**Q** 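Let me give you the structure first, and then I'll get to my questions.
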Amino acid sequence: MTADGNHWVFAYGSLMWQPGFTFLRAERARLSGYHRALCVKSVIYRGTAAEPGLVLGLSPGGECRGLGFEVAADGWAEVQDYLRAREQVTRVYREVMVPVTLDGPAERVEALTFVAEPTHPQYAGDLAEDAVVRMVREAKGTAGTARDYLMTTLQHLRSLNIEDAALERVASLL
């Protein structure tokens with residue numbers, strides 16, 4: 001929470017390009033201690049139980065650049081409810097508060113984010129590259145294809161001048 005009572009959300013995947021909630025401002029942000037990875041088997045939004053897709057999660061180690069969204073204090077409870085309903089459908093993510101550094105006026109804030117839970121059955125961990133490419137190329141769920149998810153995320157990262165070599169590598173192999 002900031003001095004004025006506002007809150008922050010750290011986004012690293014689809015929340016960057018489709019937040020779905022009202023915010024006061026968005027700033028490029030950096031999270032240390034985690035990296036963005038295609039490490040979550042999507043069995044609803046971008047795949048099915050029979051043919052899971054892969055979506056992004058935060059895994060331990062490294063650094064992740066994304067967006068920080070500032071949320072007004074009076075709308076925080078509603079935003080939390082929305083994010084929990086969206087991100088916690090199968091409980092593959094843990095809801096955590098993390099310190100992030102905003103790029104705008106360099107400022108450190110505590111932000112809500114969702115970290116992949118490595119003990120969950122949908123956690124894919126470090127799959128072989130060919131398995132990642134196959135799952136992204138072939139899977140489709142209620143929100144569309146895993147391929148479209150990846151390409152839209154990459155397009156948004158590029159528009160923010162955020163490089164992600166691992167995601168670029170997967171995209172080049174599709």
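On a predicted model such as this, the values are computed, not experimentally measured, just so you know. All values below were derived from every heavy atom in this structure, side-chain atoms included, with hydrogens, water molecules and symmetry-related copies excluded.
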**Q** Consider only side-chain heavy atoms of I, L, V, M, F, W and Y, link residues closer than 4.5 Å, and tell whether V79 and V96 are in one cluster.
**A**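 Same cluster.
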**Q** Does any part of the side chain of E70, heavy atoms only, come nearer than 4.5 Å to the side chain of F23, both counted from C-beta?
**A**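 Side-chain contact under 4.5 Å: no.
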**Q** For the CG atom of D130 and the CZ atom of R137, what is their distance to the nearest 0.5 Å?
**A**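 So the gap between those two atoms works out to 10.0 Å.
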**Q** Would you please test R36 and L167 for side-chain contact (heavy atoms from CB on, under 4.5 Å) and show each step?
**A** CA-CA 9 Å; R36 176 182 13 252; L167 295 186; 3.7 Å; yes
**Q** Decide whether V89 and L83 are clustered together by the hydrophobic rule: side chain heavy atoms of Ile, Leu, Val, Met, Phe, Trp, Tyr closer than 4.5 Å, transitively.
**A**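 No; L83 is not reachable from V89 via cluster members.
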**Q** What are the two closest heavy atoms between Y34 and V98, and how far apart are they?
**A**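 In this case the closest contact between Y34 and V98 is CE1-CG1, 4.4 Å.
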**Q** Is there a side-chain contact between T101 and V109, using heavy atoms and a 4.5 Å cut-off?
**A**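 A side-chain contact under 4.5 Å is absent here.
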**Q** Please give me the minimum heavy-atom distance between A29 and L102, naming the atom from each residue.
**A**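 Minimum heavy-atom separation between A29 and L102: CB-CD2, 3.9 Å.
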**Q** Which heavy atom in V100 sits nearest to a heavy atom in A111, and how many Å separate them?
**A**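 Closest heavy-atom pair between V100 and A111: CG2-CB, 3.9 Å.
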**Q** Under the 3.5 angstrom rule, does the side chain of H35 hit a backbone N or O of S59 as a donor-acceptor pair?
**A**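 Side chain of H35 to backbone of S59: a pair is present.
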**Q** Over all heavy atoms of both residues, which pair between C64 and L58 is shortest? Give the atoms and the distance, please.
**A**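 The answer is SG-CD2, 3.9 Å.
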**Q** Does CD belonging to E63 count more than 12 external heavy atoms closer than 6.0 Å?
**A**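 More than 12 within 6.0 Å, yes.
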**Q** Could you measure the distance from the OH atom of Y12 to the CG atom of L67? Nearest 0.5 Å is fine.
**A**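 Between atom OH of Y12 and atom CG of L67 there are 13.5 Å.
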**Q** Using a 4.5 Å cut-off on heavy atoms from C-beta on, say whether the side chain of R169 contacts that of D164.
**A**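 D164 vs R169: side chains apart.
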**Q** I'd like to know if L54 and L154 are part of one continuous hydrophobic network [Ile/Leu/Val/Met/Phe/Trp/Tyr, side-chain heavy atoms within less than 4.5 Å].
**A**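 Linked, L154 and L54 end up in one cluster.
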**Q** State plainly whether the residues R91 and E117 are in salt-bridge range, i.e. N to O under 4.0 Å.
**A**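 Salt bridge between R91 and E117, a charged N being under 4.0 Å from a carboxylate O: no.
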**Q** Please examine the side chains of H120 and Y93, heavy atoms only from C-beta on, and report whether any two atoms are closer than 4.5 Å.
**A**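 Heavy-atom side-chain distance check fails, nothing below 4.5 Å.
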**Q** Are E163 and R158 close enough for a salt bridge, meaning some N to O gap below 4.0 Å?
**A**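 Looking at E163 and R158, the cut-off is not met.
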**Q** Can you measure from CZ (R86) to CG (D81) and round to the nearest 0.5 angstrom?
**A**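 Reported to 0.5 Å precision, the distance equals 14.5 Å.
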**Q** For A116 and C39, work out which heavy atoms get closest and say how close.
**A**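 Heavy atoms of A116 and C39 come nearest at CB-SG, 3.8 Å.
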**Q** With a 3.5 Å distance limit and no angle check, can you tell me whether T48 reaches the backbone of V43 through a side-chain donor-acceptor pair?
**A**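 No; zero donor-acceptor contacts below 3.5 Å.
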**Q** How long is the span from the CG atom in L150 to the CE atom in M135, to the nearest 0.5 Å?
**A**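 These two atoms lie 13.0 Å from each other.
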**Q** Treat each ILVMFWY residue as a node, draw an edge where side-chain heavy atoms are under 4.5 Å apart, and state whether Y45 and V92 are in one component.
**A**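 No, Y45 does not connect to V92 through the hydrophobic network.
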**Q** Calculate, to the nearest 0.5 Å, the distance between atoms CG and CG belonging to L56 and L38 respectively.
**A**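 L56 atom CG to L38 atom CG measures 5.0 Å (nearest 0.5 Å).
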**Q** Assess the residue pair V9 and W76 against the criterion (side-chain contact (heavy atoms from CB on, under 4.5 Å)); give the C-alpha distance rounded to whole Å, side-chain angles, the decisive distance to 0.1 Å, and a yes or no.
**A** CA-CA 10 Å; V9 174; W76 183 239; 3.7 Å; yes
**Q** Using only atom types and a distance under 3.5 Å, with no angle test, would you say the side chain of R46 pairs donor to acceptor with the backbone of R147?
**A**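 Pair absent, no side-chain N/O of R46 close to backbone of R147.
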**Q** If you compare all heavy atoms of G20 against all heavy atoms of Y82, which two are closest, and at what distance to 0.1 Å?
**A**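 What the structure gives for the nearest pair is CA-OH, 3.5 Å.
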**Q** Can you tell if the side chain of W17 reaches within under 4.5 Å of the side chain of S159, non-hydrogen atoms only?
**A**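 When only atoms from C-beta onward are counted, S159 and W17 do not touch, as no gap falls below 4.5 Å.
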**Q** For the residue pair R28 and I162, establish whether any side-chain heavy-atom pair is separated by less than 4.5 Å.
**A**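 R28 reaches I162 side chain to side chain.
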**Q** Are D103 and R65 close enough for a salt bridge, meaning some N to O gap below 4.0 Å?
**A**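 R65 and D103: salt-bridged.
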**Q** Once rounded to the nearest 0.5 Å, what's the spacing between atom CE of M151 and atom NE2 of H156?
**A**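 NE2 of H156 is found 15.0 Å from CE of M151.
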**Q** Side chains of L157 and M16, heavy atoms from C-beta outward: is any pair under 4.5 Å?
**A**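 The answer is yes, as the side chains (C-beta and beyond) meet within the 4.5 Å cut-off.
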**Q** Walk me through it: do Y149 and V136 pass the test side-chain contact (heavy atoms from CB on, under 4.5 Å)?
**A** CA-CA 9 Å; Y149 168 87; V136 171; over 6 Å; no
**Q** Between R25 and E107, is the closest basic N to carboxylate O distance under 4.0 Å?
**A**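 Judged by the 4.0 Å cut-off on N to carboxylate O distance, E107 and R25 do form a salt bridge.
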**Q** Are side-chain heavy atoms of V55 and K41 found at a separation under 4.5 Å?
**A**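 V55 vs K41: side chains apart.
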**Q** Let me see the working for V71 and F21 under side-chain contact (heavy atoms from CB on, under 4.5 Å), right down to the final yes or no.
**A** CA-CA 9 Å; V71 177; F21 57 87; 3.8 Å; yes
**Q** Look at the side-chain heavy atoms of Ile, Leu, Val, Met, Phe, Trp and Tyr, link any pair under 4.5 Å apart, and say whether V115 and L15 land in one connected group.
**A**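 Both belong to a single hydrophobic cluster.
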**Q** Tell me whether the count of non-hydrogen atoms from other residues, nucleotides or ligands lying under 6.0 Å of CD in E78 goes above 12.
**A**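 It does not: E78 CD has 12 such atoms or fewer within range.
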